[in-house]
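The chains referred to below are lettered A, B, ... by the order of the sequence lines, with proteins before strands, and numbering in each begins at 1. These numbers come from the heavy atoms of this one structure, side chains and all, not from hydrogens, waters or symmetry mates.
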Protein chains: 4
Amino acid sequence: MSASKRQPRRRGRPQGDEVKVAILKAANELLEEQGYSGFTIEAVAARAGAARSTIYRWWPNRGALAMAGFLSETAPKIAYKWTKSPISDIKKQMMVVAEVYSGKVGRTISALVAQSQRDPETLKALLEGYVQPRREEAKRVLMRGIECGELRKNIDLDIVVDSLYGPIWYRIVVPHAPISARWAGKLADQVFRGLRPE
Amino acid sequence: MSASKRQPRRRGRPQGDEVKVAILKAANELLEEQGYSGFTIEAVAARAGAARSTIYRWWPNRGALAMAGFLSETAPKIAYKWTKSPISDIKKQMMVVAEVYSGKVGRTISALVAQSQRDPETLKALLEGYVQPRREEAKRVLMRGIECGELRKNIDLDIVVDSLYGPIWYRIVVPHAPISARWAGKLADQVFRGLRPE
Amino acid sequence: MSASKRQPRRRGRPQGDEVKVAILKAANELLEEQGYSGFTIEAVAARAGAARSTIYRWWPNRGALAMAGFLSETAPKIAYKWTKSPISDIKKQMMVVAEVYSGKVGRTISALVAQSQRDPETLKALLEGYVQPRREEAKRVLMRGIECGELRKNIDLDIVVDSLYGPIWYRIVVPHAPISARWAGKLADQVFRGLRPE
Amino acid sequence: MSASKRQPRRRGRPQGDEVKVAILKAANELLEEQGYSGFTIEAVAARAGAARSTIYRWWPNRGALAMAGFLSETAPKIAYKWTKSPISDIKKQMMVVAEVYSGKVGRTISALVAQSQRDPETLKALLEGYVQPRREEAKRVLMRGIECGELRKNIDLDIVVDSLYGPIWYRIVVPHAPISARWAGKLADQVFRGLRPE
DNA sequence: GTCTAAACGAGACGGTACGTCCGGTCTTACA
DNA sequence: TGTAAGACCGGACGTACCGTCTCGTTTAGAC
């Protein structure tokens with residue numbers, strides 16, 4: 001029968017997306033507004049109008065919830081859009097990123113980093129769900145830069161990525177000075193100056 | 001002249017250095033062993049053989065205690081010793097620092113960073129008590145490098161420091177890959193390549 | 001008619017009577033055994049096998065818990081049962097009360113009185129929950145005594161009640177001499193001798 | 001040496017009564033003003049301008065201090081002065097006592113009673129230092145009353161004293177209604193009515 | 001249309017750590 | 001030696017959340 005191949009479709013009430021969305025939204029807002037303190041399961045539940053138990057049904061602990069909130073709402077906003085010459089692209093993207101990170105998103109990220117220190121699961125999610133994919137993306141662009149001759153051949157891509165993004169994360173979590181697009185641009189210039197073909 | 005050194009010596013029972021030292025030592029050990037979770041006032045008190053109230057007499061909250069423990073014990077271990085050519089000095093020091101940070105100290109630092117996200121006082125202490133002084137020190141060495149011609153004149157010292165140490169902090173708090181002296185050396189090489197006089 | 005008794009049954013998990021009962025029982029035992037010192041929220045929680053937070057969910061502080069324990073367990077044991085001639089009834093009841101108060105219940109009461117000195121809420125609860133109701137009951141019996149001619153008409157009921165029960169409370173909280181049924185009997189005799197119709 | 005025959009005159013600084021007096025005064029004021037809560041060793045020390053350790057030198061714990069404060073300052077103020085016919089004397093004295101107890105002294109006494117519940121030493125001091133002497137005094141007056149024919153011969157003095165003073169203490173520690181001289185007078189009248197010779 | 005199992009809200013519960021308060025002891029400097 | 005100052009241990013307080021659990025209610029799909 002043709003219908004036999006349909007997905008089994010379990011019995012009871014289906015999951016009702018609105019609740020989940022409301023929870024993630026609330027989680028995000030709290031992270032943005034108050035950072036990691038204030039990001040309480042109780043506070044999220046209250047703001048979302050959901051029950052604490054519902055949150056625990058879908059996420060194992062508050063680290064996971066924080067990550068999910070970030071990935072679902074914030075991360076998409078800062079997606080890369082690669083277009084022109086690799087070096088110029090990266091520089092422009094870094095300036096955009098710096099701009100975005102200097103605001104609420106920075107608070108969210110530092111909250112996630114903080115939570116990662118105590119919860120290995122959160123760390124894993126942060127690395128695999130956010131950091132690694134973006135590093136890979138950056139490396140691909142850098143390879144294009146090598147191919148088209150903008151960059152030296154014998155560079156260590158990981159170190160370059162560390163050089164480009166490390167300082168940004170550094171200033172997010174150790175805010176000894178504000179982050180600005182201008183600063184990010186000068187940072188990119190300096191890094192790339194050391195990567196020009198001889 | 002002899003009377004000039006007379007310290008006033010306050011009235012009551014003097015502070016009994018052993019207790020304070022034991023507390024800081026215990027605080028450090030717990031930070032190193034277990035990171036920020038497990039770093040509990042109660043645990044510190046128990047390990048130090050002190051009363052919780054004694055801890056609260058001297059430090060207002062656990063963030064402050066964590067910072068104090070770090071500054072008193074760990075920080076001295078990774079003091080700089082500048083000697084020879086600035087570039088070479090910095091590279092060698094970065095490799096040492098990377099080595100040290102890759103172990104227990106890294107865990108302590110990431111714990112402090114985490115705590116800084118929720119407690120502004122801890123952040124302030126971290127910046128003023130550790131980050132800023134070390135940045136200043138690094139900048140002084142870089143200036144020596146400019147003076148002796150190893151480095152370009154028109155460099156932004158803050159950005160250079162960010163480039164050198166940002167990636168290290170980044171890898172401490174976002175451990176996507178291990179920290180090693182070799183990695184730090186290559187990082188230094190790459191940064192300095194962009195700073196050579198034309 | 002049958003639907004009229006429909007209790008609304010609130011939403012969440014119902015209250016689980018066993019816990020509350022266990023807590024009150026433990027509270028009572030501790031009050032009886034050790035008086036007010038030793039009556040610690042922690043001790044009650046430990047003996048009841050409950051969490052401290054559960055106790056605080058239902059009672060705002062330890063005074064309230066002490067009162068609740070007393071009212072739930074001890075108070076019922078010393079309820080009055082009025083039967084025959086009012087004077088004789090009261091005398092017999094006083095002897096019973098003296099007997100009961102001379103034991104563990106006395107310790108509980110003096111503990112409550114002690115707590116009342118520092119916590120106005122406990123005082124309020126003691127007065128409204130125990131003292132006043134029993135005074136009213138006694139006054140009702142005395143009025144019956146007036147009606148049936150056993151007692152003078154022009155007596156001040158409050159003063160009579162003070163005369164009858166005041167000495168008993170006095171000996172509970174200021175134990176200059178033991179309380180006994182015999183003593184209570186003689187006390188009643190003496191008071192009533194002054195209340196006979198001329 | 002001729003100086004050897006001088007009075008022994010112990011070595012160091014003599015004891016300086018002022019401190020002790022100031023401490024007792026402060027203790028009393030705190031008891032009167034705030035009852036038993038608020039009566040803190042620290043508070044007493046602060047108000048007296050003395051050191052906590054000085055208090056502990058002279059009194060073993062706060063119960064003892066409270067008792068000492070009461071006995072030294074408050075108790076003398078409410079001493080009896082027997083003059084005329086025993087019955088009339090007692091009635092008048094009860095009215096005075098009621099008047100005094102209804103104010104600050106009442107608060108002090110109930111604080112002492114409260115403390116007696118947890119500290120046997122305080123109880124002992126209260127009984128032996130205040131309650132028993134005054135009971136003995138009252139009994140002596142009552143015996144005079146018997147001798148001069150105002151009172152029956154076959155009365156139990158202890159019960160009479162309980163009847164007279166028990167209600168007053170009762171209303172102090174269980175303030176279900178205010179204490180007044182008028183109330184005390186009526187109370188005395190009623191008790192003595194039952195003690196008239198046949 | 002009814003049945004039914006999952007989703008969901010509500011909230012009780014055992015725990016753990018917090019930061020505070022205070023008691024009582026002990027150690028020092030000064031008079 | 002008495003006193004002031006104050007460090008120290010210890011224990012209970014009441015608070016805030018955590019994560020688990022047990023209910024009653026709702027609801028979309030299966031029958």
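- Among the nucleotides F:dC18, E:dG9, E:dG14, the one closest to any side-chain atom of C:Thr54 is E:dG14.
- At whole-Å resolution of the value, CD in C:Gln115 and P in F:dA12 are 15 Å apart.
- Distance NZ/B:Lys20 to CZ/B:Arg57: 10.5 Å, rounded to 0.5 Å.
- A residue-by-residue look at A:Arg57 and D:Ile41 shows that A:Arg57 has its nearest nucleotide of DNA chain E further toward the 5' end.
- Following rounding to the nearest Å, D:Leu30 (CG) and E:dC22 (C1') show an atom-to-atom distance of 15 Å.
- In this structure, the nucleotide among F:dG6, F:dT20, F:dG14 sitting nearest to the side chain of C:Tyr56 is F:dG14.
- Heavy-atom neighbours of B:Glu18 CD from other residues, nucleotides or ligands within 6.0 Å: at or below the threshold of 12.
- No N or O donor and acceptor, one from the side chain of C:Arg52 and one from the base of E:dT16, sit under 3.5 Å apart.
- Comparing D:Ile23 and C:Ala43 against DNA chain F, the residue whose closest nucleotide sits nearer the 5' end is D:Ile23.
- At whole-Å resolution of the value, OH in D:Tyr36 and C1' in E:dC22 are 12 Å apart.
- Mapping C:Gly49 and B:Asn61 onto DNA chain E by nearest heavy atom places C:Gly49 at the nucleotide closer to the 5' end.
- Taking CD1 from C:Ile41 and CZ from C:Arg62, the interatomic distance works out to 7.5 Å, rounded to the nearest 0.5 Å.
- Salt-bridge formation is not detected for the pair A:Arg47/A:Glu42: no Lys NZ or Arg NE/NH1/NH2 atom is positioned less than 4.0 Å from an Asp or Glu carboxylate oxygen.
- Rounded to the nearest 0.5 Å, atoms CZ (A:Phe39) and CG (A:Leu31) are 4.5 Å apart.
- Taking atom NZ on B:Lys20 and atom P on F:dA7, their separation rounds to 9 Å, with Å as the unit.
- The side chain of A:Glu42 sits closest to F:dC17 out of E:dT20, E:dC22, F:dC17.
- Here the nucleotide nearest the side chain of C:Ser53, chosen from F:dA16, E:dC8, E:dC18, is F:dA16.
- At whole-Å resolution of the value, CG in B:Asp17 and P in E:dT27 are 17 Å apart.
- Using a 4.0 Å heavy-atom distance criterion, B:Ala50 is classed as a sugar-phosphate-only contact.
- The separation between D:Ile55 atom CD1 and F:dG6 atom P is 15 Å, rounded to whole Å.
- Of the candidates E:dG19, F:dG19, F:dC17, the closest approach to any side-chain atom of A:Thr40 belongs to F:dC17.
- Residue D:Arg118 contributes atom CZ, which lies 11 Å from atom P of E:dG23 at whole-angstrom precision.
- No donor-acceptor contact under 3.5 Å links the side chain of D:Arg62 to the base of E:dG23.
- For the pair C:Trp59 and F:dG14, the criterion of a side-chain N or O lying under 4.0 Å from OP1 or OP2 is not met.
- Using a 4.0 Å cut-off, some side-chain N or O of C:Trp58 falls inside it from OP1 or OP2 of E:dC13.
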